[in-house]
Amino acid sequence: MERLGKLRVAVIGAGAAGLCAARHVLSRANSFEPPVVFEQSARVGGTWYYEERVGTCDDSRPIHSSMYRDLRTNLPKEVMMFPDFPFASHLPSFMTHWDVQQYLETYCKSHDIMPHIKFNTMVEEVKPISMETDEGGAVRWEVISRGMHEGHSTQIFDSVFICSGHYSAPHLPSIPGIELFKGKVMHSHSYRCPEPFAHQSVVVLGAGASGVDILFELVQAKAQVILSHNKPALTFSLPLEIQQAPPVVKVQDDGSLLFQDGSVAHAHVLLLCTGYNYHFPFLGQKQLGLEVQHHLVAPLYKYLLPPSFPSLFFIGMCKLICPFLHFHYQIQFALAVLDGTVQLPSRELMEEDAEKERQRKIQMGVPVKHLLQMDSDQWDYYVSLATTAGLSPPNPVIQSLYDEVAKRRRANPQTYREINYRLVNATEWQVLNSPSVEADHI
Ligand SMILES: Cc1cc2nc3c(=O)[nH]c(=O)nc-3n(C[C@H](O)[C@H](O)[C@H](O)COP(=O)(O)OP(=O)(O)OC[C@H]3O[C@@H](n4cnc5c(N)ncnc54)[C@H](O)[C@@H]3O)c2cc1C
Ligand SMILES: *[C@@H]1O[C@H](CO)[C@@H](O)[C@H](O)[C@H]1NC(C)=O
């Protein structure tokens with residue numbers, strides 16, 4: 001794109017993705033004006049800012065973070081970090097949410113991002129204001145925001161980075177008869193700690209990352225737990241106290257839960273660990289030619305931009321990734337597109353490419369609801385972004401340690417966090433301590 005003057009970038013959200021975007025815009029002061037970061041809350045950190053309250057904030061916005069009190073990271077800090085900003089050396093590999101929040105605050109200070117964040121300011125609308133997409137990217141973006149005390153404001157930008165996260169809007173499965181359930185129905189978004197569930201019977205629905213974590217918390221707090229899920233078999237053995245059941249198919253007239261195999265249970269609590277919806281209330285999806293469903297945003301070229309609007313960037317839409325590493329590559333690739341270092345293919349070719357990628361996954365047997373899951377595909381993806389944008393790809397040691405931790409997590413999701421690691425060099429890592437051998441009593 002050829003332009004006179006510097007580019008103006010809006011960033012929606014001051015979580016990890018938004019901070020990373022701001023940091024890289026700021027470091028390219030020759031091509032970019034300082035960014036404007038819109039943050040609806042009064043703080044940076046997004047998901048990592050633990051909020052004890054559930055429901056709504058003082059200003060009646062829904063609580064954003066789904067963080068629970070005793071969470072420890074499911075990636076070791078050596079893999080989780082932004083590659084150019086290590087975590088403090090005194091921290092264990094698997095950290096608390098406080099540690100990550102501190103890290104993000106330090107990142108923000110070190111890169112002097114704070115002055116560019118408009119706090120308590122919610123973006124309400126983002127729209128393209130010129131439709132001449134085929135004539136050299138002449139689209140600009142109107143961003144309408146509302147400050148808590150200031151009313152509406154409209155600003156124009158050359159590009160918008162959507163860094164608003166996608167673990168906030170609970171996905172609620174439809175369960176026939178749910179209104180007949182006599183206990184409490186809640187979503188993991190509102191789960192904070194296990195004590196209130198002591199001696200209660202809880203059916204946990206879903207065996208994803210949160211489902212499994214919360215399950216163990218509940219058992220330690222002496223809840224009676226049934227794990228209801230549709231996975232063919234778990235890769236690990238569950239403690240004896242935990243029963244398993246297939247998915248809940250309905251709630252019967254007497255308030256009991258009926259499972260797919262015909263078994264029945266009464267429970268005090270039905271805890272839905274059923275994931276989250278993609279949700280962009282500030283976007284006119286139709287106008288942008290985007291399909292947004294609870295599990296899908298499409299089409300996105302390189303999982304990053306809509307082919308018709310190559311100055312709108314969706315950061316971190318994928319699942320089963322190393323989020324911070326992922327942001328690091330996506331954001332720098334996007335900035336290279338904007339400053340002209342990277343020339344994108346035509347709209348048609350980008351659409352074809354996105355469609356080919358979708359077909360590839362479907363042919364591999366990936367269900368539509370998992371099309372945005374990356375997992376082992378993420379490494380080639382980072383290399384591809386890095387190569388195109390002239391960045392150094394992630395060191396092989398990162399994938400190696402990621403795979404090691406994934407293996408241990410699958411084998412024993414209760415104890416894998418006890419090990420501490422150290423990166424030796426670009427290809428090797430080392431175990432610092434391995435108490436898990438003696439930790440069988442847990
Ligand atoms: C329970 C849980 C555990 C996790 N554990 C890990 C882990 O161990 N390791 C790991 O790497 N990742 C983990 N993740 C993933 C985590 O989401 C990412 O690490 C990262 O926090 C995502 O950052 P983000 O900036 O994309 O989104 P968020 O952190 O959600 O930040 C989005 C920000 O945008 C703001 N915002 C939203 N809409 C608007 C608007 N309209 N206007 C203005 N501001 C807006 C929000 O207030 C928020 O501050 C976990 C996620 C959850 C939910
Ligand atoms: C990394 O360290 C290991 C062990 O010290 C060594 O054998 C290997 O050659 C090193 N690799 C690189 C790339 O430096």
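Both counts, for ligands and for their atoms, begin at 1 and track the order of listing.
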Worksheet entry | All pairs passing salt bridge (charged side-chain N to carboxylate O under 4.0 Å, His left out) where residues 383-396 contributes a residue, at least two apart | none
Discussion item. For Asp59, give me all partners under side-chain contact (heavy atoms from CB on, under 4.5 Å), at least two apart in sequence or on another chain.
Written reply: Cys57, Arg61, Met148
Sub-3.5 Å pairs, protein N or O with ligand 1 N or O:
unit_1   : atom_1 : unit_2 : atom_2 : d
ligand 1 : 8 (O)  : Asn74  : N      : 2.8
ligand 1 : 8 (O)  : Asn74  : OD1    : 3.0
ligand 1 : 19 (O) : Trp48  : NE1    : 3.2
ligand 1 : 21 (O) : Trp48  : NE1    : 2.9
ligand 1 : 25 (O) : Ala16  : N      : 3.2
ligand 1 : 25 (O) : Ala17  : N      : 2.9
ligand 1 : 29 (O) : Thr47  : N      : 2.8
ligand 1 : 29 (O) : Thr47  : OG1    : 3.1
ligand 1 : 30 (O) : Thr47  : OG1    : 3.1
ligand 1 : 30 (O) : His64  : NE2    : 2.6
ligand 1 : 41 (N) : Val123 : O      : 3.1
ligand 1 : 42 (N) : Val123 : N      : 2.9
ligand 1 : 44 (N) : Gln40  : N      : 3.1
ligand 1 : 47 (O) : Glu39  : OE2    : 2.7
ligand 1 : 47 (O) : Gln40  : NE2    : 3.0
ligand 1 : 49 (O) : Glu39  : OE1    : 2.7
ligand 1 : 49 (O) : Glu39  : OE2    : 3.1

Any protein N or O within less than 3.5 Å of an N or O in ligand 2? List each pair with its distance, or say none.
unit_1   : atom_1 : unit_2 : atom_2 : d
ligand 2 : 2 (O)  : Asn425 : ND2    : 2.3
ligand 2 : 11 (N) : Asn425 : ND2    : 3.0
ligand 2 : 14 (O) : Asn425 : ND2    : 3.2

Worksheet item: Is the CD atom of Gln102 crowded by more than 12 outside heavy atoms at less than 6.0 Å?
Response: no
Worksheet item: So, Gln101 versus His97: side-chain donor-acceptor pair below 3.5 Å or not?
Response: no
Worksheet item: Tell me, do Trp48 and Met67 make a side-chain contact under 4.5 Å, heavy atoms counted?
Response: yes
Fill in: Lys/Arg N to Asp/Glu carboxylate O, Glu404 vs Arg408, below 4.0 Å
yes
Item to complete: Say whether Thr96 and Asp99, considering side chains only, have a donor N or O and an acceptor N or O under 3.5 Å apart.
Response: yes
Worksheet item: Strictly by modelled atom types, are Thr388 and Lys302 linked by a side-chain donor-acceptor pair under 3.5 Å?
Response: no
Practice prompt. Give a yes-or-no answer on whether the side chains of Thr274 and His171 include a donor-acceptor pair shorter than 3.5 Å.
Written response: no
